[in-house]
Student: 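What follows is a single structure, and I will ask about it in a moment.
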Protein chains: 2
Amino acid sequence: MLHVAEAARVSVATVSALINGTATVSPELSQRIEQAIRDIGYKRNAIARSLKMGTTRTIGLTVPHITNPFFTDVVSVIQQAFDRAGYAVMLCCTDEDLNTQDDQIRLLLDRMVDGLIVARVGDGAILKRIVDDANVPVVLLDRICKGVDTDAVVLDNQRAVFDAITYLINLGHRRIGYITGTSDISPMHDRMAGYREALHAAGLPIAEELIRFGNFHEIDGYNETMQMLSSHDRPSAIFSANNPMVIGTMKAIRDIGLSCPEDISVACFDDFPWSDVFQPQLTTVAQPVQAIGEQAANLLLDRLAGNRDAPPRKLLLKGRLMIRNSCRPLGAIAQSVSA
Amino acid sequence: MLHVAEAARVSVATVSALINGTATVSPELSQRIEQAIRDIGYKRNAIARSLKMGTTRTIGLTVPHITNPFFTDVVSVIQQAFDRAGYAVMLCCTDEDLNTQDDQIRLLLDRMVDGLIVARVGDGAILKRIVDDANVPVVLLDRICKGVDTDAVVLDNQRAVFDAITYLINLGHRRIGYITGTSDISPMHDRMAGYREALHAAGLPIAEELIRFGNFHEIDGYNETMQMLSSHDRPSAIFSANNPMVIGTMKAIRDIGLSCPEDISVACFDDFPWSDVFQPQLTTVAQPVQAIGEQAANLLLDRLAGNRDAPPRKLLLKGRLMIRNSCRPLGAIAQSVSA
DNA sequence: AACGCTAATCTAAACGTTTCGATCATGTCA
DNA sequence: TGACATGATCGAAACGTTTAGATTAGCGTT
């Protein structure tokens with residue numbers, strides 16, 4: 001900018017005024033300055049600007065896995081929304097690891113992001129502390145957090161799983177396997193509650209050996225499914241509480257020589273873009289990814305626009321059961337339902 | 001930092017020296033300073049640091065679509081690599097749009113990223129200009145670019161498609177539909193060349209009506225497949241040059257009342273994580289995503305480490321044909337091959 | 001005791017902006 | 001014509017760091 005000012009024989013203040021339109025500058029000088037900018041190929045240094053202004057027009061976004069189609073879609077929507085608003089997005093993947101997450105959030109805050117969207121991992125205590133003394137607005141995505149009282153957008157997970165399990169029960173299933181992630185994050189906790197509630201409402205017993213804990217990855221779904229199917233009294237249906245794990249479930253079913261839905265019914269949380277193309281077409285609980293991403297972005301953009309003091313807003317969205325052909329009616333009921 | 005210095009009754013220079021370990025500071029002062037840092041909860045302002053140092057320890061990454069599993073995987077790998085190296089990653093999705101891409105690259109350069117990894121879109125001319133006068137190292141990913149002479153890591157696309165089409169030909173297919181994206185980007189161009197080369201090598205004629213151009217999205221694959229299958233002389237196999245479009249192809253096959261592989265064989269570029277679980281199990285050309293991501297990251301990290309003057313390095317990786325069950329042998333050959 | 005050497009610490013300039021308040025020319029009005 | 005408002009422009013401080021070079025203190029040599 002200094003060079004531009006010199007070339008145009010004006011002060012840097014005038015150049016700044018012209019660029020930002022913060023003051024009127026005469027047509028004559030405007031022209032000289034614009035010419036100089038072109039000649040020199042001047043580009044404003046956003047870092048210097050950020051330092052002075054105290055805002056970077058950049059937000060931080062952390063998700064557990066970017067390879068999980070649910071997060072991929074949400075990230076994509078969020079990215080577009082902030083793009084439109086002239087913000088850059090710094091993306092971090094925490095890989096479901098608490099320390100990684102803490103490091104990354106610190107990294108983002110060091111870089112003075114103006115706001116944060118976090119699909120958190122693990123215990124909220126550290127997150128709470130970080131968020132408290134960082135002075136930026138935070139939106140919790142997908143996963144809320146007891147101690148952290150801030151904007152959030154989450155699914156009504158309990159209800160969604162309740163509906164899915166009830167659907168299986170209505171098909172005649174009695175022993176329904178349930179594969180979940182560690183329940184220290186709210187969606188896993190709530191989904192599990194939905195499972196229990198549905199069985200309870202139907203007057204069915206809860207077989208604890210049918211509730212299996214994995215670590216969100218395909219391999220975990222595989223291992224847990226293997227164990228369940230190897231038992232003498234195997235379930236007739238399996239519900240997987242997340243998307244990568246259901247792939248493991250399907251592989252285990254195949255490897256053990258069974259087939260879906262003939263021998264065993266399968267449903268899972270989170271829809272796949274291709275779930276109605278390949279066989280079996282998985283019955284899933286679809287999250288409104290577009291809405292989730294947009295709402296999260298809007299909540300944060302609203303705070304960034306200055307609305308700092310409004311009380312925390314919690315948005316609870318509804319999932320939708322996408323019934324396809326991966327679940328079979330069972331026994332007597334089968335006749336009436338499949339008719 | 002000023003507050004810390006005051007609280008510890010030292011100068012800011014000493015605080016800086018301690019934090020960065022750039023000079024020895026006495027145990028006594030060290031302790032006072034560390035105490036002050038804790039008391040105040042001081043965090044170094046990375047923006048101010050960047051301004052002074054001329055480096056942001058942040059890189060920019062642009063991809064056409066983050067929802068395409070290929071890019072998702074690569075982004076994930078790259079993200080991890082830079083994470084390890086203490087860099088942040090700014091992610092942008094250009095949505096295959098040239099203007100969006102230009103805007104985003106400018107946005108990234110404004111923010112003084114230290115380097116750029118670009119899976120480019122469209123004509124390279126503007127990209128070249130931007131890259132030339134921005135003074136940061138650039139690595140081209142997946143798509144090279146005539147005028148832009150810089151580090152790059154790409155697949156040997158021509159060879160990969162040649163192998164896939166040859167495989168189909170060996171199965172007995174003679175009319176092989178080919179659905180591609182616009183060929184102004186190198187992979188589409190090269191893949192097409194592989195298609196033509198394979199037919200040519202087998203002495204087969206090239207039916208131009210079987211070569212269809214889409215815009216990378218599912219809907220394009222759907223439309224083009226619909227048209228091909230509605231013709232009186234439909235192909236016995238279809239190869240889709242990208243991943244989202246093949247989903248459209250599969251949907252079209254289903255909607256038109258045919259089935260794969262019984263009525264029509266299908267193969268495509270880019271592997272899916274779930275492609276060997278659901279039916280039909282797609283035969284695909286798998287890219288070594290891990291290697292691609294790592295190599296791209298390494299190339300850039302090497303430049304960032306100071307190796308600025310080395311001549312541009314072009315890495316050409318090999319694809320791998322993953323043969324599954326979505327392609328059927330045809331006619332007489334069928335017997336011998338399937339035996 | 002004067003000197004030089006080393007280690008520890010500090011002062012102040014610099015990075016590239018924005019912005020407040022000052023300056024200056026111009027035109028208007030009484 | 002003098003006073004004054006207006007509009008355009010500028011000078012300089014500030015944002016929070018890093019760092020070159022200055023300063024100081026301590027200590028061993030001669």
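Worth saying up front: this structure is predicted, and the values here are computed from it rather than measured. Naming: A, B, ... by sequence-line order, numbering from 1 per chain.
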Student: Looking at D149(B) and K314(B), does any basic side-chain N land under 4.0 Å from a carboxylate oxygen?
Tutor: yes
Student: Filter on salt bridge (charged side-chain N to carboxylate O under 4.0 Å, His left out), then keep only pairs touching residues 71-90 of chain A, sequence neighbours left out; what's left?
Tutor: none
Student: Just by distance, with hydrogens left out, do Q31(B) and Q35(B) show a side-chain donor and acceptor under 3.5 Å apart?
Tutor: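 Not at all, the side chains of Q31(B) and Q35(B) share no donor-acceptor pair under 3.5 Å.
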Student: Whole angstroms only, please: what is the CG-C1' distance between L18(A) and dT18(C)?
Tutor: 14 Å
Student: If you restrict it to nitrogen or oxygen atoms, what contacts under 3.5 Å exist between nucleotides 20-23 of chain C and the protein, and what is each distance?
Tutor:
none

Student: Between which nucleotides of DNA chain D, 5' to 3', does chain B make heavy-atom contacts below 4.0 Å?
Tutor: dG16(D) to dT19(D)
Student: Using a strict 4.0 Å threshold on nitrogen-to-oxygen distance, state whether R32(A) and E6(A) make a salt bridge.
Tutor: no
Student: Which atom pairs link the protein and nucleotides 6-8 of chain C when you take only N or O atoms and keep those under 3.5 Å?
Tutor:
| residue | atom | partner | partner atom | Å |
| --- | --- | --- | --- | --- |
| dA8(C) | OP2 | T24(B) | OG1 | 2.2 |

Student: In whole angstrom, what separates E28(A)'s CD from dT26(C)'s P?
Tutor: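 Distance, rounded to whole Å: 12 Å.
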Student: Would you check if there is a donor-acceptor pair between the side chains of R111(B) and T58(A) at a distance under 3.5 Å?
Tutor: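 A pair is found: one side chain offers a donor N or O, the other an acceptor, under 3.5 Å apart.
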Student: Salt bridge check: are D110(A) and R106(A) linked by an N-O gap of less than 4.0 Å?
Tutor: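 Between R106(A) and D110(A) there is no salt bridge, as every charged N stays at least 4.0 Å from the carboxylate O atoms.
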Student: Do S16(B) and N20(B) have side-chain N/O donor and acceptor atoms under 3.5 Å apart?
Tutor: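 On atom types as modelled, these side chains qualify, holding a pair under 3.5 Å.
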Student: Quick one: does T62(B)'s side chain have a donor or acceptor within less than 3.5 Å of a partner on V118(B)'s backbone?
Tutor: no
Student: Whole angstroms only, please: what is the NZ-P distance between K43(A) and dT17(C)?
Tutor: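 Result: 12 Å.
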Student: Looking at residues at least two apart in the chain, or sitting in another chain, which of them share a salt bridge (charged side-chain N to carboxylate O under 4.0 Å, His left out) with R303(A)?
Tutor: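 Per chain and number, R303(A) pairs via salt bridge (charged side-chain N to carboxylate O under 4.0 Å, His left out) with D151(A).
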Student: Look at the rings of H65(B) and F216(B) and say which category their plane angle falls in: under 30° parallel, 30 to 60° tilted, over 60° perpendicular.
Tutor: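 The rings of H65(B) and F216(B) sit tilted, inter-plane angle from 30° to 60°.
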Student: Restricting to pairs with a member in residues 53-67 of chain A, which pass salt bridge (charged side-chain N to carboxylate O under 4.0 Å, His left out), not counting sequence neighbours?
Tutor: none
Student: OP1 or OP2 of dT17(C) versus the side-chain N and O atoms of S16(A): is any pair under 4.0 Å?
Tutor: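 No, no such contact exists.
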Student: Taking for each residue the nucleotide of DNA chain C bearing the nearest heavy atom, is the 5' side occupied by L51(B) or by T14(B)?
Tutor: T14(B)
